[in-house]
Amino acid sequence: MTYEAVYQLTVRGIGQSTAIGIGGDPIIGTNFVDTLKLFNEDPETDAIILSGEIGGNAEETAAEYVRQHVKKPVVGFIAGQTAPPGRRMGHAGAIISGGKGTAVEKIKALEAAGIRVASSHGGDW
């Protein structure tokens, strides 16, 4: 998803200072909040794209951080919006379990934080 966002911006003539692919692996290094803090403090960053996916709660945590701390525009996208509950989608992090981690929940959290969310990765921001 990171490469697609970079491509979409590049073909529109919009430059990027930094792109970070976090992933949803079982052992996580950098997380959304760490990177949001860096981008928010970076004078070369004018706006932030946050791409997430179903499963887990990282996007909800990021949304709350944006709501409380980020002063720059943030747009988002959540992959897996049509994934059926309980179905493993690509890797262990992309599974909705017990009704938690759904695209709907994540999109609501992002929008509540003032983040405009695209319905497709085609960039209908």
Side-chain angles (χ1 to χ4, degrees):
M1 289 190 305
T2 303
Y3 296 141
E4 181 62 23
V6 167
Y7 172 76
Q8 295 271 341
L9 292 171
T10 300
V11 298
R12 288 171 173 78
I14 301 170
Q16 309 95 52
S17 62
T18 307
I20 299 173
I22 294 173
D25 300 313
I27 299 173
I28 299 172
T30 302
N31 61 44
F32 283 125
V33 171
D34 292 341
T35 56
L36 286 165
K37 182 177 183 197
L38 293 172
F39 285 136
N40 194 49
E41 294 172 355
D42 177 23
E44 298 295 314
T45 298
D46 297 323
I48 302 165
I49 296 175
L50 190 155
S51 293
E53 65 181 351
I54 59 169
N57 68 347
E59 295 80 4
E60 291 92 331
T61 302
E64 184 59 23
Y65 184 83
V66 168
R67 189 183 68 73
Q68 291 182 15
H69 303 287
V70 177
K71 303 303 178 209
K72 297 179 181 187
V74 180
V75 294
F77 172 71
I78 300 297
Q81 294 179 33
T82 60
R87 181 100 182 246
R88 195 171 300 274
M89 303 298 288
H91 60 79
I95 186 169
I96 300 168
S97 83
K100 298 291 183 189
T102 67
V104 170
E105 289 175 334
K106 291 174 182 290
I107 291 167
K108 282 182 185 176
L110 294 173
E111 289 176 340
I115 299 169
R116 185 169 176 189
V117 180
S119 60
S120 75
H121 213 265
D124 60 344
W125 323 95

(message) Under the criterion salt bridge (charged side-chain N to carboxylate O under 4.0 Å, His left out), I'd like the reasoning laid out for Lys108 against Glu105: C-alpha separation, chi angles, the key distance, then a yes or no.
(response) CA-CA 5 Å; Lys108 282 182 185 176; Glu105 289 175 334; over 6 Å; no

(request) Check which hydrophobic residues are tied to Val11 through side-chain heavy-atom contacts below 4.5 Å, counting indirect links as well, and list them. (result) Tyr7

(message) For the backbone of Ile78 and the side chain of Lys106, can you confirm whether one donor and one acceptor N or O come within less than 3.5 Å of each other?
(response) no

(request) Indicate if Val75 and Ile14 have the same hydrophobic cluster label, given that clusters are the connected sets of ILVMFWY residues with side-chain heavy-atom separations under 4.5 angstrom. (result) yes

(message) Counting C-beta onward and ignoring hydrogens, is there a side-chain heavy-atom pair between Phe39 and Ile20 closer than 4.5 Å?
(response) yes

(request) Would you mind reporting whether Thr61 and Val33 have side-chain heavy atoms less than 4.5 Å apart? (result) yes

(message) Rounded at 0.5 Å granularity, tell me how far CZ in Phe32 sits from CD1 in Ile22.
(response) 4.5 Å

(request) Give the C-alpha distance, both sets of side-chain angles, the deciding distance and a yes or no for side chain to side chain contact (heavy atoms under 4.5 Å, CB included) between Thr45 and Thr18. (result) CA-CA 8 Å; Thr45 298; Thr18 307; 5.8 Å; no

(message) Would you say that Leu9 contacts Ile49 through its side chain, given a criterion of any heavy-atom pair below 4.5 Å between the two side chains?
(response) yes

(message) Please check if the number of heavy atoms outside Glu44 that lie under 6.0 Å from its CD is greater than 12.
(response) no

(request) Can you sort out the partners of Tyr65 under ring pair (Phe, Tyr, Trp, His ring centres under 6.0 Å), two or more places apart, ordered by chain and number? (result) His69

(message) Are there over 12 heavy-atom neighbours, none belonging to Lys37, within less than 6.0 Å of that residue's NZ?
(response) no

